[in-house]
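What follows is a short report on a single structure.
Counting convention: from 1, in listed order, for ligands and their atoms alike.
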Amino acid sequence: MSIISNSLKRIKPSPTIAVTQKARELKDAGKDVIGLGAGEPDFDTPDNIKQAAIEAIKRGETKYTAVDGTPTLKKAIADKFKRENNLKYSTNEITVGTGGKQVIYNALMATLNKGDEVIIPAPHWVSYPDMVLLAGGNPKIVKCNENDGFKLNPKSLKKAITKKTKWLILNSPSNPTGVSYTREEIENLSKVLIKNKNIHILSDDIYEHITYDNFNFFTIAQVSKLKNRTLTMNGVSKSYSMTGWRIGYAAGPKEIIKAISKIQSQSTSNPSSISQAAAVEALNGTQNFIQERSDEFKKRRDFVISSLNNIKGISCVKPNGAFYVFPSCKKLLGKKTKLKTDTEFAQKLLEKFNVAVVQGSAFGLDGYFRISYATSMEKLKIGMERIKSFCESLN
Ligand SMILES: Cc1ncc(COP(=O)(O)O)c(C=O)c1O
């Protein structure tokens with residue numbers, strides 16, 4: 001009899017973490033690796049936020065807090081939703097966890113029964129399907145192709161819905177493509193969802209603040225009559241360069257919020273008290289650096305897109321958010337190049353030209369790869385040169 005549980009056997013380790021790990025190993029072995037695989041901003045946490053944490057330690061805020069967040073942080077989150085999304089939540093409609101990842105995981109664990117289906121538009125964040133599987137549910141992956149801007153359309157949504165559908169996960173701006181849903185696109189999806197009363201929507205807004213070209217961000221609870229069926233998840237990791245602090249949160253129906261807290265009470269308890277104090281400052285303090293950092297990301301995005309589209313065999317959609325692009329390498333797969341899959345493409349790129357990217361199949365769509373441009377312009381320049389040389393060596 002295996003010591004490992006059957007439910008764990010249903011899932012695989014995170015492929016993005018695997019790429020980062022492989023790149024780290026090569027670096028440790030003395031290789032000059034350009035890592036374009038990471039899912040975190042390269043900027044430091046702003047000083048005012050760090051200072052708030054130091055002060056919290058000095059005040060002795062080093063004890064357990066309420067399981068699903070301090071009242072002060074919940075109030076800051078409620079204010080954020082009102083100020084930025086025109087959404088009114090009371091503090092018992094809000095939960096705080098150890099990163100957005102834990103919040104999503106807990107939400108799925110708290111709500112899925114065996115066989116329940118979760119619609120996940122692909123390309124998708126790597127963790128959604130595995131979290132669903134771990135919770136006993138069935139991920140229903142809906143491939144969204146490049147011609148649709150990698151976005152779910154109402155027709156495909158309608159087709160994917162069954163009696164067993166419990167959740168739809170929407171992620172905008174998206175990891176891995178960087179594309180974002182417009183207000184109109186969200187409204188059109190809402191029309192389908194309104195008619196299907198048993199479906200809940202998990203809106204993953206973690207990249208809300210990283211958008212370009214005057215893109216107007218909207219979240220589904222704000223533009224539809226679906227607030228009472230939506231769990232709106234967000235966090236400080238990406239917007240405030242706080243990935244290591246591990247604070248994520250969600251707002252939604254009391255029943256779900258309470259269930260998430262119940263899981264947390266029997267697993268990790270509260271997220272770090274010090275990180276919570278830092279998150280209060282992130283949400284309530286100055287927001288100026290968000291624009292500055294987005295401006296810097298935009299420069300990099302423009303550079304990466306134009307570099308990629310100048311490489312024979314590669315083409316790339318220009319997205320308006322997050323810090324990822326999702327180029328196609330389909331033209332470089334096949335007999336001529338002897339590369340069969342995007343995984344082989346990414347492996348050879350790392351082995352031969354020391355550039356770490358993540359294959360599209362890890363995100364549920366073959367023939368692509370994800371580049372994270374959350375790294376310095378200097379490194380991006382070298383990375384793009386190497387990708388060009390690699391692709392030329394295949395042509
Ligand atoms: C789409 C998406 N959702 C959620 C998360 C989780 O973020 P956190 O670091 O807050 O756990 C990530 C992190 O990579 C992400 O890309």
Tyr207 neighbourhood, listing ligand 1 atoms whose heavy-atom distance to it stays under 4.0 Å: 1 (C), 14 (O), 15 (C), 16 (O)
Numbered atoms and elements of ligand 1 in range of Tyr128, under 4.0 angstrom, heavy atoms: 1 (C)
Protein contact to atom 13 (C) of ligand 1 [nearest heavy atom, distance to 0.1 Å]: Lys238 NZ, 2.8 Å
Sidechain N-carboxylate O distance under 4.0 Å for Lys22, Glu351: no
Min heavy-atom dist Arg246 to ligand 1 below 4.0 Å: yes
Cation-aromatic face contact Arg183/Phe218, 6.0 Å, 45 degrees: yes
Asn320 versus Ser180, side-chain donor and acceptor atoms under 3.5 Å: yes
Selected option - heavy-atom contact closest to atom 8 (P) of ligand 1, from Gly100, Gly248, Gly235: Gly100
For atom 7 (O) of ligand 1, closest protein heavy-atom neighbour: Ile206 CD1, 3.9 Å
Aromatic ring pairing Phe297/Phe323, orientation class (parallel under 30°, perpendicular over 60°, tilted between): tilted
Separation of Ile104 CD1 from Met233 CE (nearest 0.5 Å): 4.5 Å
More than 12 heavy atoms from other groups under 6.0 Å of NZ on Lys312: no
Value rounded to 0.5 Å, distance of OG in Ser224 from CD in Glu187: 8.5 Å
Close approach, Asn171 and ligand 1, non-hydrogen under 4.0 angstrom: yes
Per-atom contacts of ligand 1 with Ser237, taking only distances under 4.0 Å to non-hydrogen atoms: 8 (P), 9 (O), 10 (O)
Closest candidate by heavy atom, reference atom 12 (C) of ligand 1, pool Trp245, Trp125, Tyr249, Tyr105: Trp125
Salt bridge flag under 4.0 Å for residues Glu185 and Lys151: yes
Contact check, Gly99 vs ligand 1, heavy-atom distance below 4.0 Å: yes
Proximity flag Glu40 to ligand 1, non-hydrogen atoms under 4.0 Å: no
Top protein contact for atom 3 (N) of ligand 1, by heavy-atom distance: Asp204 OD2, 2.5 Å
